[in-house]
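Everything below concerns the one structure shown next.
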Amino acid sequence: MNYKEIEDHLWAKGIKPTANRILVMRELLKASRPISLADLELLFGHTLDKASIFRVLELFAEKEVVHVIEDGSRSLKYELCHGSSHHSISDQHVHFVCEQCKEIFCLEDIQVPILELPEGFLPHSVNHVIKGICPNCIAQKLH
Ligand SMILES: [Zn+2]
Ligand SMILES: [Zn+2]
């Protein structure tokens, strides 16, 4: 996405594209895995303060620009929603957290399973995080 496309994308989500929002959006686009507020703060080299970044993330979550992932660590992770039109459970994928290196992986090809809920419950998002050991750590163990 170029600058113009980011602007259009934000407008489409009902968000006024301010400088900060565009900056955060750019970092989210560059990230290959879900990132936390602390990660973003580091990426910005403290040129953008934590509170400002947080406000943008909150807005993005509310307007469904990002998915929020609770991986069991103390910090939430954010990743762009790659769903084509609507933000829905079917465009969420499974995440894997390595208990050894604490890295979080996107298993993009595995959709979160959709469970049959009792009548009257309307699901909005699902957090599906699998914990274990990643291939890198397994390889290291064998050496
Ligand atoms: Zn690992
Ligand atoms: Zn992901």
Side-chain angles (χ1 to χ4, degrees), residues 1-140:
M1 268 196 222
N2 61 33
Y3 199 85
K4 178 81 178 62
E5 285 167 331
I6 292 177
E7 274 192 347
D8 290 346
H9 183 73
L10 292 177
W11 279 122
K13 295 279 188 176
I15 297 171
K16 191 169 173 255
T18 63
N20 283 359
R21 292 167 187 168
I22 290 171
L23 284 173
V24 172
M25 185 73 188
R26 273 191 169 161
E27 290 305 328
L28 287 165
L29 278 165
K30 274 193 259 166
S32 57
R33 50 186 56 156
I35 52 178
S36 67
L37 177 58
D39 295 334
L40 278 167
E41 211 186 354
L42 279 178
L43 287 170
F44 285 122
H46 303 276
T47 49
L48 207 57
D49 67 287
K50 202 171 184 168
S52 306
I53 304 170
F54 186 67
R55 273 198 302 276
V56 174
L57 290 173
E58 288 266 275
L59 179 73
F60 281 5
E62 184 195 317
K63 299 287 188 183
E64 311 190 323
V65 172
V66 290
H67 290 296
V68 183
I69 299 142
E70 291 155 36
D71 65 358
S73 72
R74 261 165 230 163
S75 59
L76 295 173
K77 303 277 188 313
Y78 302 85
E79 85 178 335
L80 283 183
C81 170
H82 295 295
S84 45
S85 54
H86 263 300
H87 187 77
S88 71
I89 292 174
S90 61
D91 56 50
Q92 287 190 251
H93 51 253
V94 168
H95 289 98
F96 187 99
V97 176
C98 176
E99 291 172 316
Q100 196 125 0
C101 63
K102 313 291 179 207
E103 204 61 80
I104 179 165
F105 298 84
C106 289
L107 306 182
E108 312 248 10
D109 297 333
I110 309 176
Q111 263 189 20
V112 296
I114 294 174
L115 305 174
E116 191 89 36
L117 295 180
E119 230 184 275
F121 291 90
L122 183 69
H124 175 231
S125 70
V126 176
N127 256 286
H128 202 99
V129 177
I130 299 171
K131 292 187 183 176
I133 311 281
C134 77
N136 306 336
C137 289
I138 290 174
Q140 266 179 25

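No experiment lies behind these values; they were computed from the predicted model shown. We use all heavy atoms of the structure for the numbers below, so side chains are in, but hydrogens, waters and symmetry mates are not.
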- prompt: Can you find a pair of side-chain heavy atoms, one from Leu10 and one from Lys16, that are under 4.5 Å apart?
  reply: no
query: Taking only residues two or more places apart in sequence or in another chain, which ones pass side-chain hydrogen bond (donor to acceptor under 3.5 Å, both in side chains) with Asp71?
result: Ser73, Lys77
query: Where do Lys30 and Glu27 land on the salt bridge (Lys or Arg N to Asp or Glu O under 4.0 Å) test, with the steps shown first?
result: CA-CA 5 Å; Lys30 274 193 259 166; Glu27 290 305 328; 3.1 Å; yes
message: Walk me through whether Glu103 and Phe96 qualify under side chain to side chain contact (heavy atoms under 4.5 Å, CB included).
response: CA-CA 8 Å; Glu103 204 61 80; Phe96 187 99; over 6 Å; no
message: A side-chain contact here means heavy atoms from C-beta on lying under 4.5 Å apart; do Asp49 and Phe44 qualify?
response: no
query: Can you find a heavy atom in the side chain of Ile69 that is under 4.5 Å from one in the side chain of Tyr78?
result: no
Leu117 side chain near Pro123 side chain, heavy-atom distance below 4.5 Å: yes
message: For Asp109, I'd like to know if atom CG has over 12 heavy atoms of other residues, nucleotides or ligands within 6.0 Å.
response: no
task: Kindly determine whether His9 and Met25 satisfy side chain to side chain contact (heavy atoms under 4.5 Å, CB included), including the steps that lead there.
output: CA-CA 10 Å; His9 183 73; Met25 185 73 188; 3.3 Å; yes
query: What's the spacing between Ile130 CD1 and Ile110 CD1 if we round to 0.5 Å?
result: 6.5 Å
query: When rounded to the nearest 0.5 angstrom, what distance separates CG in Leu28 from CG in Leu40?
result: 5.5 Å
message: So, taking the atom named SG in Cys106 and the one named CD in Gln92, what distance separates them when rounded to the nearest 0.5 Å?
response: 11.5 Å
- prompt: To the nearest 0.5 Å, how far apart are OG1 in Thr18 and CZ in Arg55?
  reply: 10.0 Å
message: Is there a side chain to side chain contact (heavy atoms under 4.5 Å, CB included) between Leu29 and Leu80? Walk through the geometry before answering.
response: CA-CA 7 Å; Leu29 278 165; Leu80 283 183; 3.4 Å; yes
- request: Indicate whether any N or O donor in one side chain lies under 3.5 Å from an N or O acceptor in the other, for Glu70 and His95.
  value: no
query: Which pair of heavy atoms, one from Lys63 and one from Gly14, lies closest together, and at what distance?
result: CE-O, 3.9 Å
query: Measuring from Leu23:CG to Thr47:OG1, what's the distance to the nearest 0.5 Å?
result: 7.5 Å
- request: Determine yes or no for a side-chain-to-main-chain donor-acceptor pair under 3.5 angstrom, with Asp39 supplying the side chain and Ser36 the backbone.
  value: yes
- prompt: Regarding Arg33 and the six-membered ring of Phe105, is the cationic atom NZ or CZ under 6.0 Å from the ring centre and inside 45° of its axis?
  reply: yes
statement: Paired with His93, the side chain to side chain donor-acceptor pair (under 3.5 Å) test is passed by just one of Gln111, Glu79, His128, namely Glu79
- request: Verify side chain to side chain contact (heavy atoms under 4.5 Å, CB included) between Leu57 and Val68, making sure each step is shown before the conclusion.
  value: CA-CA 9 Å; Leu57 290 173; Val68 183; over 6 Å; no
field: Spacing of SG belonging to Cys98 relative to NZ belonging to Lys131, to within rounding of 0.5 Å
entry: 11.5 Å
message: If you define the side chain from C-beta out and look only at heavy atoms, does anything of Ile104 sit under 4.5 Å from Ile35?
response: no
query: Do the non-hydrogen side-chain atoms of Phe60 and Lys13 ever get within less than 4.5 Å of each other?
result: no
